[in-house]
Amino acid sequence: MEETVREQIKYAAQIIRNGGLVAFPTETVYGLGADGLNPVAVAKIFEVKNRPTFNPLILHIENEDRLNSVCNIPSDKVYDLIQEFWPGPLTLVLPKKPNVPEIVTGGFPNVGVRMPDNLIALELIKESDTPIAAPSANLFGHLSPTRAGHVQKQFGDKIDMILDGGKCSVGIESTILLVEEEEVTLLRPGGIPLESLREVIGEITLFPKKTDRPNSSGQLAYHYSPQTPLRILTIENIEKYKDEKIGAIFFKGNDSKFKFEKEIILSRSGSLSEAAANLFSTLHKLDELQLGCILIEPIPQEGLGVALMDRIQKAIAKYEMKQIL
Ligand code: TXA
Ligand code: MG
C-alpha cells in the first residue's frame, strides 16, 4: 500500500475516533462509517442518510478478537462460515454483547457483523481500533455507491472524509445470514451465492418465520432505486415508452431488433460476477442521462443472479407502486 494512502487512512481513523463520519471502500459497496461503539457518532449516520432509525447497521471488523468483543457465537457453523468466506461479502447476524449500542441494532438483541475483503477497509478498522458501523454510503432508498464519486455526489460536504479505493470489486452488498443455535436463515441475498453457503453449512431457511426480527433491507418493499423510472425490458414496456428516450441494460448483449438511445451490456462473456460488479454503476450512469426510462433485461436466476434480480426487482418496485397510486 502506498505511503500516501496509509497517511489518509491514519487521518480517517482519527476522524472515526473523534466521532466523525468517513466513507470507505469495501469489496461490495462503499460504506458510510462511524465508531460502532459510540452512539452519538452512529446517530449521525442516520441523520445524513435520512434513514429510519429502526433499520440496524452492520459492524465491520478486522479480526476474530474484535468479533468476540461485540457478539457471542451461538453455533459452530459460525466458525465454518468465517473460515470459508471471511474476509468477504457475508454478514452474520449474531447475539450482541452489552457494549454494542442499541442504536446500532435498532434495539434488537442481535448485531450484524462482517469482515470486508478490502485492504483499505481492514486497515481503517485496525487504525481506528473500534468496530466500524456502516451502512452503504447512499441516501435512504437511493442507489448504493460502487465508486468514491457516487458518494461525493450524494453526500459531498455533509461527511468528514471519503477514502477513495477505486471501483468495488464485487459491486453488490453482502449476503446476510441470521445464525441461531438451531437454524440459519437468509435475510438478504448478496455477494455470496446461497449454493456456496449451503455447501459449507447445509440447510438454510429462506424466509424469516419469526416476527420479532428487524427488517433487513431484503424485506423492505423497495430500495436501491435510480431516479429515472426502471422497468423490465419487455415488448410491452418498449411500446409504452416508445415516445421517450430509452436506456437499455442487457446481460450479455442486444439480440433483439430494437435499438435504444443508450445501450449498456453488463457482461459480454455472461459472467454473473462481472454483471454484479457493473450493475449499480450502470444504473448511476444511465440515471445521469435524462432518459425517459431505463429498461433492463432479466438476469438468469442462478448463483449471484438471485441477488442481482433481487436488487433489480426492488428498484423497479418503486415505480410499479407509483403506477398503482
Ligand atoms: O455489503 C454490505 O453489506 C454493505 C457494506 C458497506 O458492508 N453494507 C450494507 O449496509 O449494505 P446497509 O445498512 O445498507 O444494509 C444492511 C442491512 C440492512 O438492511 C439491515 O436491516 C440489515 O443489514 N441488518 C443489519 N443488522 C441487522 C440485524 N441485527 N438484524 C437484521 N438485519 C440486520
Ligand atoms: Mg443499503
Side-chain angles (χ1 to χ4, degrees), residues 21-34 36 42 45-46 48-62 70-72 85-97 100-118 120-122 124-125 131-146 150-151 154 163 165 168-180 185-192 208 210-225 276-277 280 307 310-311 314-315:
L21 298 187
V22 174
F24 63 98
T26 81
E27 80 283 30
T28 59
V29 300
Y30 275 74
L32 181 58
V42 172
I45 295 178
F46 293 107
V48 299
K49 262 193 78 119
N50 272 334
R51 178 182 222 186
T53 39
F54 53 75
N55 209 349
L57 303 176
I58 296 170
L59 288 181
H60 296 71
I61 52 148
E62 86 285 32
V70 295
C71 62
N72 296 312
F85 300 109
W86 278 5
L90 175 67
T91 295
L92 301 177
V93 174
L94 302 167
K96 85 177 190 76
K97 285 194 170 157
V100 177
E102 301 272 301
I103 191 168
V104 171
T105 62
F108 284 90
N110 293 323
V111 63
V113 192
R114 114 176 168 88
M115 190 188 291
D117 188 13
N118 178 291
I120 294 179
L122 293 171
L124 175 66
I125 304 163
I132 295 187
S136 49
N138 53 274
L139 294 164
F140 182 70
H142 284 236
L143 284 173
S144 294
T146 52
H150 300 156
V151 183
Q154 292 196 41
L163 278 171
C168 300
S169 59
V170 174
I172 191 162
E173 296 89 343
S174 59
T175 302
I176 304 181
L177 291 182
L178 170 71
V179 185
E180 296 170 302
T185 307
L186 179 74
L187 296 184
R188 175 177 78 180
I192 306 263
K210 297 177 190 163
T211 51
D212 60 349
R213 287 175 195 155
N215 275 337
S216 215
S217 59
Q219 288 118 272
L220 284 179
Y222 64 80
H223 212 65
Y224 315 108
S225 301
F280 286 136
D310 174 75
R311 303 304 188 274
K314 296 243 162 67

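Whatever order the structure lists them in is the order used to number ligands and atoms, beginning at 1. We use all heavy atoms of the structure for the numbers below, so side chains are in, but hydrogens, waters and symmetry mates are not. Residue numbers count from 1 along this sequence.
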*Does ligand 1 have any atom sitting under 4.0 Å from a heavy atom of Lys96?*
no

*Tell me whether Asn138 has at least one N, O or S atom under 2.8 Å from the Mg ion (ligand 2).*
no

*Given Pro56, Gly190, Ser174, which one has a non-hydrogen atom that is nearest to atom 2 (C) of ligand 1?*
Ser174

*Look at the side chain of Glu27 and the backbone N and O of Asp117, then say whether any donor-acceptor pair between them is shorter than 3.5 Å.*
yes

_Can you confirm whether or not the ring centre of Phe280 sits under 6.0 Å from the ring centre of His150?_
no

*Output the distance between atom CG (Leu59) and atom CG (Leu92), rounded to the nearest 0.5 Å.*
12.0 Å

*Stepwise side-chain hydrogen bond (donor to acceptor under 3.5 Å, both in side chains) check, Arg114 with Thr26*: CA-CA 11 Å; Arg114 114 176 168 88; Thr26 81; 3.1 Å; yes

*Relative to the heavy atoms of Val111, which atoms of ligand 1 are at a distance of less than 4.0 Å?*
29 (N)

*May I ask you to list the atoms of ligand 1 that are less than 4.0 angstrom from any heavy atom of Gly112?*
26 (N), 29 (N)

*Should the proximity of Thr105 to ligand 1, defined as any heavy atom under 4.0 Å, be assigned to the side chain, the backbone, both, or neither?*
neither

*Pull out every atom of ligand 1 sitting under 4.0 Å from any heavy atom of His60, numbered as shown with elements.*
5 (C), 6 (C), 7 (O)

*Atom indices of ligand 1 within 4.0 angstrom of Thr28 heavy atoms, with elements*: 1 (O), 2 (C), 4 (C), 5 (C)

_Euclidean distance, Leu94 CG relative to Leu177 CG, rounded to 0.5 Å_ = 9.5 Å

_With respect to Lys49, determine whether any N or O atom, backbone or side chain, lies less than 3.5 Å from an N or O atom of ligand 1._
no

*Proximity of Ile176 to ligand 1 by residue part, where a heavy atom lies under 4.0 Å*: side chain

*Who are the side chain to side chain donor-acceptor pair (under 3.5 Å) partners of Glu62, not counting sequence neighbours?*
Arg66

_side-chain contact (heavy atoms from CB on, under 4.5 Å) against Pro101, all qualifying residues, sequence neighbours excluded_ = Leu37, Pro39, Ile103, Val104

_If the cut-off is 4.0 Å to any non-hydrogen atom of Glu173, which atoms of ligand 1 fall inside it?_
1 (O), 2 (C), 11 (O)

*What atoms of ligand 1 come within less than 4.0 Å of a heavy atom belonging to Asn110?*
29 (N)

*Ser174 and Thr91: side-chain hydrogen bond (donor to acceptor under 3.5 Å, both in side chains), yes or no, with the steps?*
CA-CA 6 Å; Ser174 59; Thr91 295; 2.8 Å; yes

